[in-house]
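What follows is one structure encoded as structure tokens, with my remarks underneath.
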Amino acid sequence: MLAPNPAMIRGMTSSSLQARVSRLETLSACLSDGEVHGIDTLAAQLHVSKRTLFRDLAVLREQGWELESASGKGGGIRILRHWPSGRMSLRTEDAVELLLSLALAESMGLSPLGKHEALRRQFARCFAPADRDLIARLRKRIRTASPVSLAAQSTAQAISPDIRSRVYGAFAQQQVLAFTYVDGQGKESERVVEPQCLLLAWPYWFLLVWDRQREEIRTFRLDRMRSARPLPERFALRPASAFWQACNEVGVSL
């Protein structure tokens, strides 16, 4: 996401700041295709005057975007063709999806050229320093194991996209998570946990947590969750080694 700088914030209300940040994200998404975009067209699409659009473009330049004017009727704007990857403009859920995918691919050794580590470092440089720390922590909290047996695979269920998004978001942002869970015997329970680690043992995703109610490490299958709700409270990370050891209780060998 684009981080508002002091010049943007000065004299703006909370609602107007939020509207401008949203508008900047939309503008950056439009320009990311590398094509020429007409000034009049962009202004109409964003529902702003050309003067406001030029101010927004100035903010993008301050954020590291290299833009050039293009000739033509009414003028246009585009990213320089040789522009290297600078700060990325991603919504939170998109960033989490990319981080999880990259960490998963690295842990499974899926790169033909073995460039996962270099790609991860390059990807991290596209983010602000604080976000780079998040990337490093996420990488250490995700692992893969051997696929479960064919007999066990037959019980796999589809994971709700909404539940997946909420769980991944709480995991990445270190938010306490409340969810409804149905165990192998069909018994339903309500849980409040700290989502510490994620494990893939194909086809199952396991969430390794510190259970706030039972005060112990527990392991839950995402496909058995019936609802999930991140809570405002944040939690501190615990040593990951203890959670990886707990995988034995679900018959997963790392």
Side-chain angles (χ1 to χ4, degrees), residues 1-103 118-138 161-162 164-166 168-175 230 232 234:
M1 294 180 66
L2 288 167
N5 56 39
M8 284 175 57
I9 297 174
R10 191 176 301 117
M12 300 185 71
T13 64
S14 176
S15 59
S16 61
L17 176 60
Q18 182 177 4
R20 187 172 193 189
V21 170
S22 176
R23 189 173 69 245
L24 286 168
E25 289 187 342
T26 301
L27 175 59
S28 60
C30 290
L31 295 174
S32 293
D33 61 9
E35 301 296 328
V36 176
H37 292 268
I39 296 299
D40 291 337
T41 301
L42 280 175
Q45 183 176 346
L46 297 171
H47 306 290
V48 297
S49 66
K50 289 196 288 186
R51 181 179 179 182
T52 297
L53 175 60
F54 286 133
R55 285 200 296 263
D56 288 348
L57 290 171
V59 171
L60 291 184
R61 288 189 172 96
E62 291 174 2
Q63 297 265 339
W65 289 65
E66 293 190 35
L67 306 174
E68 67 174 355
S69 299
S71 59
K73 185 178 180 180
I77 196 78
R78 67 181 175 188
I79 298 175
L80 286 174
R81 291 184 179 180
H82 64 273
W83 179 60
S85 58
R87 294 289 173 82
M88 301 187 77
S89 176
L90 294 174
R91 299 185 187 280
T92 301
E93 60 268 26
D94 296 331
V96 170
E97 182 75 16
L98 278 173
L99 294 176
L100 288 172
S101 298
L102 185 59
L119 287 172
R120 175 163 45 84
R121 289 199 302 266
Q122 184 176 359
F123 183 57
R125 286 197 293 270
C126 296
F127 290 84
D131 294 325
R132 296 175 197 173
D133 294 337
L134 171 63
I135 295 171
R137 291 195 301 270
L138 281 176
D162 181 63
R164 187 194 302 270
S165 176
R166 290 169 183 262
Y168 287 175
F171 168 76
Q173 300 298 329
Q174 294 175 221
Q175 287 180 268
R234 301 296 180 98

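Just so we're clear, the structure is a prediction, and the values are computed from it rather than from any experiment. All heavy atoms count here, side chains included; hydrogens, waters and symmetry mates do not.
The two atoms that bring Gln175 and Gly169 nearest to each other are OE1-O, 4.3 Å, heavy atoms only. Nearest approach of His37 to Cys30, heavy atoms of both residues: NE2-O, 2.9 Å.
Using modelled atom types, one side-chain atom of Arg234 and one backbone atom of Gln173 make a donor-acceptor pair closer than 3.5 Å. With hydrogens and angles disregarded, a donor-acceptor distance shorter than 3.5 Å links the side chain of Ser28 to the backbone of Glu25.
Judged as a side-chain hydrogen bond (donor to acceptor under 3.5 Å, both in side chains), and not counting sequence neighbours, the contacts of Arg55 are Thr52.
Considering Leu42, Leu46, Leu31, Asp56 in turn, Leu46 is the only one that fulfils the side chain to side chain contact (heavy atoms under 4.5 Å, CB included) rule with Thr26.
In this structure the side chain of Leu53 never reaches within 4.5 angstrom of the side chain of Ile77, judged on heavy atoms.
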- Check the pair Leu57 / Leu27 against side-chain contact (heavy atoms from CB on, under 4.5 Å), numbers first and verdict last. CA-CA 8 Å; Leu57 290 171; Leu27 175 59; 3.9 Å; yes

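At a threshold of 4.0 Å, the pair Glu35-Arg78 does not count as salt-bridged, since none of the basic side-chain nitrogens sits closer than that to a carboxylate oxygen.
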